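Since the structure comes first, as structure tokens, the remarks are kept for the end.
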Amino acid sequence: MNIIGVGKVLPREINSNYIKNEIEIDGIIEPEDFDIKKYVKYKGLRSLTKATNLAIASISEAINDAGEKYNQHSPNRIGVFVGSTLNPTDAASHFMSDVYEASADFVSPLKFSSSVLNNISGWASIVYGITGLNSTVISGNLSGIDALKMATSYINNDVIDIAIVTAVEGNEEGSIYHLSNNTHNVNAITGAISVIIERNDDSYATVNNICSFQHYEKNREKIIRNLEQELKIGQCNNLIYGSVNSNDELISDFLKSNVGDYDINIINTSKSIGTSNSLSGFLKLITSLDLEGETLIVETNEVGNDSIIKIKSRNKEATI
């Protein structure tokens with residue numbers, strides 16, 4: 001599967017060099033002076049959650065980047081897939097705050113639609129006139145990657161021809177960071193990244209494989225077994241990992257013990273990405289577009305879903 005368009009709305013300082021150099025972020029950082037009207041004019045967007053507007057804006061960037069490769073497709077053959085971990089919490093807070101502070105009579109009907117789990121992909125489809133299927137994935141750090149895997153499956157099964165895949169986190173006052181009153185203890189990135197994928201060969205990169213699996217507390221070694229299997233193939237030039245959980249140390253120890261066996265460029269994104277949930281995998285993915293050759297991306301949850309992605313960059317310009 002090939003990436004033909006990339007769009008992002010991120011803090012100005014977050015770019016591939018920042019991530020590759022493993023510069024540490026401090027606190028929750030956000031895109032500067034974000035205004036949805038700079039990207040698209042559509043009535044009612046200001047009442048939506050920040051995550052929804054960030055997603056819509058990054059999709060606008062990706063569509064413009066893909067150009068004619070995107071425009072040639074019929075709206076009913078385009079799919080929209082969104083990964084977002086915290087947006088449901090923010091949406092619920094948007095909706096219920098008016099109920100608590102006034103009454104249900106004063107709640108905007110638009111805010112009710114935002115409380116639906118599938119609201120981001122739904123709104124993106126409405127704004128861009130897409131009539132193909134849309135879906136939202138919520139699976140922690142794997143939200144974006146699992147959305148990518150779902151989109152790939154639908155294209156491979158000829159349900160759609162092309163897919164917009166977005167990872168987004170708004171980190172508003174309704175999010176768990178704010179609800180638990182620990183914003184000063186969390187390092188995270190607010191923003192959205194969208195990629196457009198199809199079978200076209202003229203692309204930024206080819207996603208050669210997505211190896212997905214699950215682990216639980218007592219069999220974390222499954223991550224290492226799968227990683228070792230991919231490394232033994234011997235075609236990999238780069239490895240990007242770092243999900244800010246217990247698995248990072250496990251992977252780090254394995255790489256240190258076996259560093260002599262593999263001639264590979266290793267990037268640990270733990271400090272530069274932080275606890276960015278669905279954005280974690282996509283920040284790694286678009287960083288890989290700025291690397292030469294084939295890259296393995298390892299994304300994990302503390303327990304549950306994990307993925308190892310194999311992606312080959314074509315070294316085109318216009319990464320992050």
Side-chain angles (χ1 to χ4, degrees), residues 3 5-41 45-46 48-67 82-87 90 120 124 141 143-144 164-173 175 177-178 183-196 204-205 240 242-244 267-291 295 297 299 313 315-320:
I3 298 172
V6 179
K8 84 281 183 184
V9 181
L10 296 169
R12 198 172 296 118
E13 64 197 273
I14 301 301
N15 53 53
S16 58
N17 287 328
Y18 187 100
I19 295 171
K20 287 189 292 184
N21 293 328
E22 301 182 17
I23 300 172
E24 187 170 2
I25 63 171
D26 183 18
I28 300 175
I29 57 174
E30 305 197 1
E32 297 81 2
D33 303 319
F34 173 71
D35 184 353
I36 186 60
K37 285 189 174 181
K38 295 178 181 178
Y39 299 88
V40 61
K41 290 179 172 59
L45 295 183
R46 288 188 178 276
L48 304 180
T49 64
K50 184 193 298 181
T52 305
N53 280 326
L54 287 167
I56 290 170
S58 72
I59 290 171
S60 173
E61 296 283 281
I63 290 173
N64 290 336
D65 187 41
V82 175
S84 183
T85 304
L86 298 181
N87 183 65
D90 293 331
I120 300 180
N141 284 352
S143 298
I164 299 168
V165 189
T166 301
V168 59
E169 298 296 347
N171 298 327
E172 293 189 70
E173 291 185 1
S175 76
Y177 297 149
H178 295 269
T183 54
H184 298 295
N185 301 320
V186 173
N187 298 323
I189 295 169
T190 297
I193 300 169
S194 293
V195 297
I196 300 178
Y204 289 115
I240 308 177
S243 303
V244 194
I267 301 172
N268 182 349
T269 64
S270 298
K271 293 182 179 180
S272 55
I273 291 177
T275 311
S276 293
N277 293 295
S278 67
L279 279 173
S280 183
F282 266 44
L283 286 162
K284 295 177 179 68
L285 188 153
I286 59 175
T287 299
S288 73
L289 303 184
D290 204 28
L291 301 172
T295 300
I297 297 171
E299 190 63 63
S313 171
N315 297 321
K316 293 184 69 172
E317 296 181 357
T319 57
I320 61 169

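Everything numeric here is computed off the predicted structure, so don't read it as measured data.
- By the side chain to side chain contact (heavy atoms under 4.5 Å, CB included) test, N64 pairs with S60, sequence neighbours left out.
- For E172 (side chain) and K50 (main-chain N/O), a donor-acceptor pair under 3.5 Å exists by modelled atom type.
- Closest of all the heavy-atom pairs between F282 and V195 is CE2-CG2, 4.0 Å.
- Applying the salt bridge (charged side-chain N to carboxylate O under 4.0 Å, His left out) definition to pairs two or more places apart or across chains, those involving residues 269-284 are K284-E299.
- Counting only heavy atoms from C-beta outward, the side chains of T269 and L283 never approach each other to under 4.5 Å.
- With a 4.5 Å cut-off on side-chain heavy atoms, I3 and L285 count as touching.
- Remark: the backbone N or O of I189 is paired with a side-chain donor or acceptor of S276 at under 3.5 angstrom.
- A57 and V9 get closest at one heavy-atom pair: CB-CG2, 3.7 Å.
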query = Between S58 and V168, is a side-chain contact (heavy atoms from CB on, under 4.5 Å) present by the stated rule, with each step listed?
reply = CA-CA 9 Å; S58 72; V168 59; over 6 Å; no
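- A distance of 3.5 Å separates CD1 in I286 from CD1 in I193, rounded to the nearest 0.5 Å.
- Between P31 and L54, the closest side-chain pair of non-hydrogen atoms falls below 4.5 Å.
- Of the possible polar contacts, none joining the D290 side chain to the S16 backbone as a donor-acceptor pair under 3.5 Å is found.
- Expressed to the nearest 0.5 Å, how far OG of S272 lies from CD of E24 amounts to 9.5 Å.
- Taking 4.5 Å as the limit, every side-chain heavy atom of Y39 sits out of range of all side-chain heavy atoms of N53.
- Residues meeting the side chain to side chain contact (heavy atoms under 4.5 Å, CB included) test with N21, sequence neighbours left out: N17, I23.
- Using a 4.5 Å heavy-atom threshold, the side chains of I240 and L291 count as touching.
- In this structure K37 satisfies the side chain to side chain contact (heavy atoms under 4.5 Å, CB included) test together with D35, R46, sequence neighbours excluded.
- Here the CD1-CD distance, from I273 to E22, works out to 10.0 Å after rounding to the nearest 0.5 Å.
- Here the side chains of V40 and L45 are in contact, with some heavy-atom distance below 4.5 Å.
- With rounding to the nearest 0.5 Å, the separation of CG in N277 from CG in N171 is 7.5 Å.
- Screening I14, L10, N187, T190 against I29 for a side chain to side chain contact (heavy atoms under 4.5 Å, CB included) leaves a single residue, I14.
- When every heavy atom of S194 is checked against every heavy atom of I59, the shortest pair comes out as OG-CG1, 3.4 Å.
- Judged by distance alone, the side chain of S313 and the main-chain N or O of L289 form a donor-acceptor pair under 3.5 Å.
- In this structure, the side-chain hydrogen bond (donor to acceptor under 3.5 Å, both in side chains) partners of S270, at least two apart in sequence or on a different chain, are D248, N268.
- Taken from CG in N141 to OG in S280, the straight-line distance is 5.0 Å, to the nearest 0.5 Å.
- Under the side chain to side chain contact (heavy atoms under 4.5 Å, CB included) criterion, S278 pairs with T85, S143, A167, E169, not counting sequence neighbours.
- Atom NZ of K20 sits about 9.0 Å away from atom CG of N15, to the nearest 0.5 Å.
- For Y18, the ring-ring contact (aromatic ring centres under 6.0 Å, His included) criterion is met by no residue, not counting sequence neighbours.
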